[in-house]
Amino acid sequence: MAAGERLPLAWFQRPTPVVARALIGCVLVHGDRAGRIVETEAYLGPEDRASHARFGPTARNRVMFGPGGVTYVYLCYGIHQMFNIVSDRDGQAGAVLVRAIAPVAGLPDDPPADPAVGRGPGKVTRALGLGPAQHGRTLDTDALHVRAGRPGAAIVTTARIGVDYAGPWARRRLRFALAGHPAVSRPR
DNA sequence: GTTCCGATGCTT
DNA sequence: AGCATCGGAACG
């Protein structure tokens, strides 16, 4: 898949950790705003004690159990919108949280882009204008889609952030980030 | 540098 | 009650 091409829905319908890693370097486009994805986390099915899918399908997480390529947006801590991309095949729950983006276009301060604008999942949605209206939509429209990045970038994997309650699952290396990128949030 | 905490509202 | 957060204040 050449850099810049729009990813087809089938691209997302692969195992969640594969999708989470492959999304690093890709560009998320929402209307006239866009950001290069530099940090993601994979959330798996009911077996993953850190995943919203751990309680089975509910009103909130229902789309996680459907086919990949659909958005999953929810409110966290009463304040922040979280933007996820559903992954894996229909019936196999999974989603990828977009935790950080590097500004590409249309962000609040254009060229001398401040990396902090897209650092952290709550900042991602603020920067791109993503919210409840974008929940449950397929990522195959002009208004909302993902474009392929260049393969071969150096990617680091770590434990996921903020899921210490999840026992052994908290230690799984399901967070992916562009090595050393200034927009990547927090630790190593 | 660290740790703590309030804001704020939906989910289980 | 418990969060897949953030920014600011307080403290070493």
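Of the possible donor and acceptor atoms, one in the side chain of R33(A) sits under 3.5 Å from a partner among the backbone N and O of A127(A). Distance alone, capped at 3.5 Å, places no donor-acceptor pair between the W11(A) side chain and the G68(A) backbone. Checking side-chain atoms of T40(A) against main-chain N and O of L97(A) turns up no donor-acceptor pair under 3.5 Å. In terms of modelled atom types and a separation under 3.5 Å, the side chain of R150(A) and the main chain of G25(A) share no donor-acceptor contact. At least one donor-acceptor pair under 3.5 Å links the side chain of R147(A) to the backbone N or O of G4(A).
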(message) Within the 4.0 Å limit for protein heavy atoms, which parts of nucleotides 2-8 of chain B are touched? Write it as a string from 5' to 3', B for base, S for sugar-phosphate only, - for none.
(response) -----BB
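Residue A50(A) is classed as a base contact, given a heavy-atom separation below 4.0 Å to a base. Among the protein residues, Y165(A) comes within range of the sugar-phosphate backbone only, with heavy atoms under 4.0 Å from sugar or phosphate atoms but none that close to a base.
Considering only heavy atoms from C-beta on, E41(A) stays 4.5 Å or farther from P121(A) through its side chain. At least one side-chain heavy atom of Y74(A) sits under 4.5 Å from a side-chain heavy atom of N84(A).
Helical stems in DNA chain B, defined as runs of 3 or more consecutive Watson-Crick or G-U wobble pairs with both donor-acceptor distances under 3.5 Å, are listed by first residue as B:1-7 with C:5-11, B:9-11 with C:1-3.
Nearest approach of T16(A) to Y43(A), heavy atoms of both residues: CG2-O, 3.7 Å.
Taking atom CZ of residue R60(A) and atom P of nucleotide dC3(C), one finds them 11 Å apart after rounding to whole Å. The interatomic distance linking I161(A) (CD1) with dC3(C) (P) rounds to 16 Å, in whole Å. A straight line from CG of D164(A) to C1' of dG2(C) spans 14 Å, rounded to a whole angstrom. Between the CG atom of L97(A) and the P atom of dA4(C) there is a distance of 10 Å, rounded to whole Å. Atoms CZ (R119(A)) and P (dT5(C)) sit 15 Å apart, rounded to a whole Å. Rounded to a whole Å, the CE atom of M82(A) is 15 Å from the P atom of dC3(C). R160(A) has its CZ atom 11 Å from the P atom of dA4(C), to the nearest Å. Atom CG of L130(A) and atom P of dT5(C) are 17 Å apart (whole Å).
Contact annotation: H52(A) side-chain N/O to dA4(C) OP1/OP2 distance is under 4.0 Å. Regarding contacts with the backbone of dT12(B), every side-chain N or O of R54(A) stays at 4.0 angstrom or more from both OP1 and OP2. OP1 or OP2 of dT12(B) has at least one side-chain nitrogen or oxygen of T58(A) nearer than 4.0 Å.
Paired with V146(A) under the rule side-chain contact (heavy atoms from CB on, under 4.5 Å), one option of L23(A), V29(A), V27(A) passes, and it is L23(A).
For the atom pair R99(A) CZ and I161(A) CD1, the distance stands at 4.5 Å (nearest 0.5 Å). Here the OG1 atom belonging to T157(A) is positioned 11.5 Å from the CZ atom belonging to R172(A), to the nearest 0.5 angstrom.
In this model, a donor atom of one side chain and an acceptor atom of the other lie less than 3.5 Å apart for T158(A) and R175(A).
Less than 4.0 Å separates DNA chain C from no heavy atom of any residue of residues 167-174 of chain A.
Picking from dT5(C), dT12(B), dC10(B) the nucleotide with the shortest atom distance to the side chain of F55(A) gives dT12(B). Relative to the side chain of L75(A), the nucleotides dG9(B), dC6(C), dA4(C) differ in distance, and dG9(B) lies closest.
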